[in-house]
Amino acid sequence: MFNKRVRIKEVLEGDLLNREITVMGWVRTFRNNQFIALNDGSTNSNLQVVLELGKFDESLLKRITTGAALKITGILVASLGKGQKVELKAQKAEVLGDSDAEKFPLQPKKHSLEFLREIAHLRFRTNTFGAIFRIRHSLAFAIHQFFNQKGFVYLHSPIITASDAEGAGETFHVTSFDLENPTKNEDGSINYKEDFFGKPTNLTVSGQLEAELAALALGDVYTFGPTFRAENSNTARHLAEFWMIEPEMAFSDLEDDMNLAEEFIKYIIKYILENNREDLDFLATRLTEEEKQKPQNERSEMRLIEKLEFVTNNDFERLTYTEAIEILKNSAANKKKKFQYPVDKWGIDLQSEHERYLVEKHFKKPVILINYPKEIKAFYMRQNDDGKTVAAMDILAPGIGEIVGGSQREERLDVLEKRMREMNIPVEEMNWYLDTRRFGTVPHAGFGLGFERLMLFVTGMTNIRDVIPFPRFPKNAEF
RNA sequence: UCCUCCCUAGCUCAGUUGGUUAGAGCAUCUGACUGUUAAUCAGAGGGUCGCUGGUUCAAGUCCAGCGGGGGGAGCCA
């Protein structure tokens with residue numbers, strides 16, 4: 001067997017002192033022709049490997065360059081140096097894979113995130129991205145664990161769908177036609193009947209409608225998978241391919257929905273605070289260093305770990321859209337005309353600057369806004385008795401804005417159909433969805449949470465392209 | 001898609017009112033040193049100044065178009 005190695009995480013944390021062990025990893029730095037900082041991805045920390053002077057061939061030492069892969073067998077001893085507790089005194093050293101130092105783009109120095117984004121296939125080899133993707137794994141695991149503990153069923157909603165009815169955004173078309181020469185009708189239009197699915201299809205923009213179908217049979221379900229939007233959004237908060245978590249609960253109202261969302265966010269953040277402390281500490285330090293470049297008033301008030309602990313330890317602020325409008329309308333910022341979009345009347349959609357004011361200036365904590373005007377929300381949200389608002393809720397987080405969007409769903413068939421007609425949604429095509437309201441409809445609610453937005457919040461990173469391994473965005477599908 | 005800033009060595013950046021042979025730090029290479037921690041010291045190599053066109057005696061520098069990137073906005077998760 002080739003892989004008889006000990007992971008560096010275990011070497012550093014375990015009880016292996018004075019034992020002979022074999023490690024494998026990649027060279028981060030090689031100092032003094034003696035000291036190798038070796039990293040194998042199991043932890044943010046490197047293992048110091050010591051090559052005794054004169055014991056190894058000059059030809060081997062020359063091949064130990066930044067990025068090279070090594071297999072080292074030696075004795076783990078207490079370190080003679082100050083930077084680490086233990087070090088591996090090498091007996092055998094083997095280069096598994098060479099790395100030409102003149103060509104390897106990563107150097108033992110700081111690199112900009114913009115540069116690393118252009119070499120996304122190699123950025124896993126850096127401390128920052130190692131930490132990010134270990135945290136991403138932990139978050140995904142914690143999400144499944146949370147829902148599993150609560151008795152939710154993990155639903156695999158389809159990637160390819162024929163419905164674009166939710167209106168969540170522009171879709172990517174799916175076809176097996178030769179785009180240069182599609183089958184056409186006599187009038188020149190494309191003949192979708194001859195296409196693979198016999199009708200126009202697209203990549204999913206949301207699994208919610210399918211989750212509702214399942215929830216009205218299985219009770220509580222959640223989806224966790226990729227979604228695709230062909231929006232021409234060029235921002236640090238949008239991707240064309242991103243992952244969403246969408247729980248859906250039967251026999252539940254808006255308050256149940258809010259409670260679930262808040263408990264969920266606190267649970268998964270607590271999980272990584274307990275399980276990814278080293279990586280979080282590294283990212284926290286990175287963030288603090290980065291913010292030293294910024295003017296005082298743009299720096300965060302809390303350090304990353306503090307912020308995460310604050311979120312797990314404090315209740316989210318809950319208020320209605322109407323209350324939020326009043327706060328904004330009467331705010332000093334609004335009166336001094338500091339907002340680019342002044343808040344003058346009920347019914348306006350909240351802009352980024354308004355959300356940021358509420359979360360970062362007024363409440364200084366996550367905020368749940370409920371009961372939005374029906375005109376600015378989706379057709380499936382349940383209408384409140386006032387006739388003006390719907391039972392929607394958005395959770396706004398410091399630094400990133402909307403992180404969760406959810407609602408109690410309209411379970412009354414007549415009300416739902418009426419609303420669909422008002423909003424020009426093809427009722428006939430949605431019969432499969434409406435059947436849930438025809439046969440044993442019940443109050444139900446759910447929400448959608450953007451996984452990468454959650455990653456931004458948790459890691460303190462500011463560009464969404466840095467928290468997904470291979471980002472997809474307009475004019476870019478590298479790797 | 002809109003606004004705005006940027007694109008000079010492998011990376012991060014200087015480059016004066018347009019003017020001789022385009023610089024620095026880090027990285028890389030060579031040598032020295034050898035318990036280092038982003039090692040240190042000495043030396044060397046490394047450039048289509050994003051691309052295309054224009055103005056000019058002369059363009060890294062000015063103008064236009066295109067491409068790429070950052071920040072902000074819209075759409076949203």
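The chains referred to below are lettered A, B, ... by the order of the sequence lines, with proteins before strands, and numbering in each begins at 1. We use all heavy atoms of the structure for the numbers below, so side chains are in, but hydrogens, waters and symmetry mates are not.
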With a non-hydrogen cut-off below 4.0 angstrom, is A:Phe447 in contact with a base, only sugar-phosphate, or nothing?
nothing

Specify the residues of residues 94-127 of chain A, ordered by number, for which at least one heavy atom lies under 4.0 angstrom from an atom of RNA chain B.
A:Ala101, A:Glu102, A:Gln107, A:Pro108, A:Lys109, A:His111, A:Ser112, A:Glu114, A:Phe115, A:Arg117

Taking any heavy-atom pair under 4.0 Å as a contact, classify A:Gly450: base, sugar-phosphate, or nothing.
sugar-phosphate

For RNA chain B, find the residues of residues 342-358 of chain A with a heavy-atom distance under 4.0 Å and give them by number; none if there aren't any.
A:Gln351, A:Ser352, A:Arg356

Salt bridge (charged side-chain N to carboxylate O under 4.0 Å, His left out) pairs touching residues 109-126 of chain A, sequence neighbours excluded, are A:Arg117-A:Asp466, A:Arg123-A:Asp466

Select base, sugar-phosphate, or nothing to describe what A:Arg465 touches, counting heavy atoms under 4.0 Å on all strands.
sugar-phosphate

Using a 6.0 Å cut-off, check whether atom CD of A:Glu375 has over 12 heavy atoms from anything other than its own residue.
yes

Expected rows: protein N/O vs nucleotides 33-35 of chain B N/O, under 3.5 Å:
unit_1	atom_1	unit_2	atom_2	d
B:U34	O2'	A:Gln34	NE2	3.4
B:U34	O2	A:Asn32	O	3.1
B:U34	O2	A:Asn32	OD1	2.8
B:G35	N1	A:Glu87	OE2	2.9
B:G35	N2	A:Gly81	N	3.1
B:G35	N2	A:Glu87	OE1	2.6
B:G35	N2	A:Glu87	OE2	3.0

Dot-bracket for RNA chain B, please, read 5' to 3', with Watson-Crick or G-U wobble pairs under 3.5 Å on both distances, ( ) within the strand, [ ] crossing, | other strand, . unpaired.
(((((((..((((.....[...)))).(((((.......))))).....(((((..]....))))))))))))....

Using atom C1' of each nucleotide, how far apart are B:U8 and B:C51 to the nearest Å?
15 Å

Please collect all side-chain hydrogen bond (donor to acceptor under 3.5 Å, both in side chains) contacts where either partner lies in residues 347-374 of chain A, sequence neighbours excluded, each pair once.
A:Glu301-A:Lys364, A:Asn371-A:Asn384, A:Tyr372-A:Asp394

Quick one: side chain to side chain donor-acceptor pair (under 3.5 Å) partners of A:Asn476, sequence neighbours excluded?
none

Check every strand shown and say whether A:Leu239 touches a base, only sugar-phosphate, or nothing at a heavy-atom separation below 4.0 Å.
base

Output every pair passing salt bridge (charged side-chain N to carboxylate O under 4.0 Å, His left out) with a member in residues 234-243 of chain A, not counting sequence neighbours, ordered by first then second residue.
none

Can you tell me if A:Arg31 touches the phosphate of B:U36, counting only side-chain N or O atoms and a distance under 4.0 Å to OP1 or OP2?
no

Show the distances under 3.5 angstrom between N or O atoms of the protein and N or O atoms of nucleotides 48-51 of chain B.
none

Aromatic centroids of A:Phe264 and A:Phe147 separated by under 6.0 Å
yes

Set out, line by line, the N/O atom pairs under 3.5 Å between protein and nucleotides 1-5 of chain B.
unit_1	atom_1	unit_2	atom_2	d
B:U1	OP1	A:Asn232	ND2	2.3
B:U1	O5'	A:Asn232	ND2	3.4
B:U1	O4	A:Asn234	N	3.3
B:U1	O4	A:Asn234	ND2	3.1

Atom NE2 of A:His173 with >12 non-hydrogen neighbours under 6.0 angstrom:
no

Give me the distance, rounded to whole Å, that separates B:U12 from B:C6 when you measure between the C1' atoms they each carry.
14 Å

Selection: residues 55-76 of chain A, any non-hydrogen atom under 4.0 Å of RNA chain B
none

Residue pairs passing the side-chain hydrogen bond (donor to acceptor under 3.5 Å, both in side chains) test where at least one lies in residues 61-70 of chain A, sequence neighbours excluded:
A:Arg63-A:Asp98

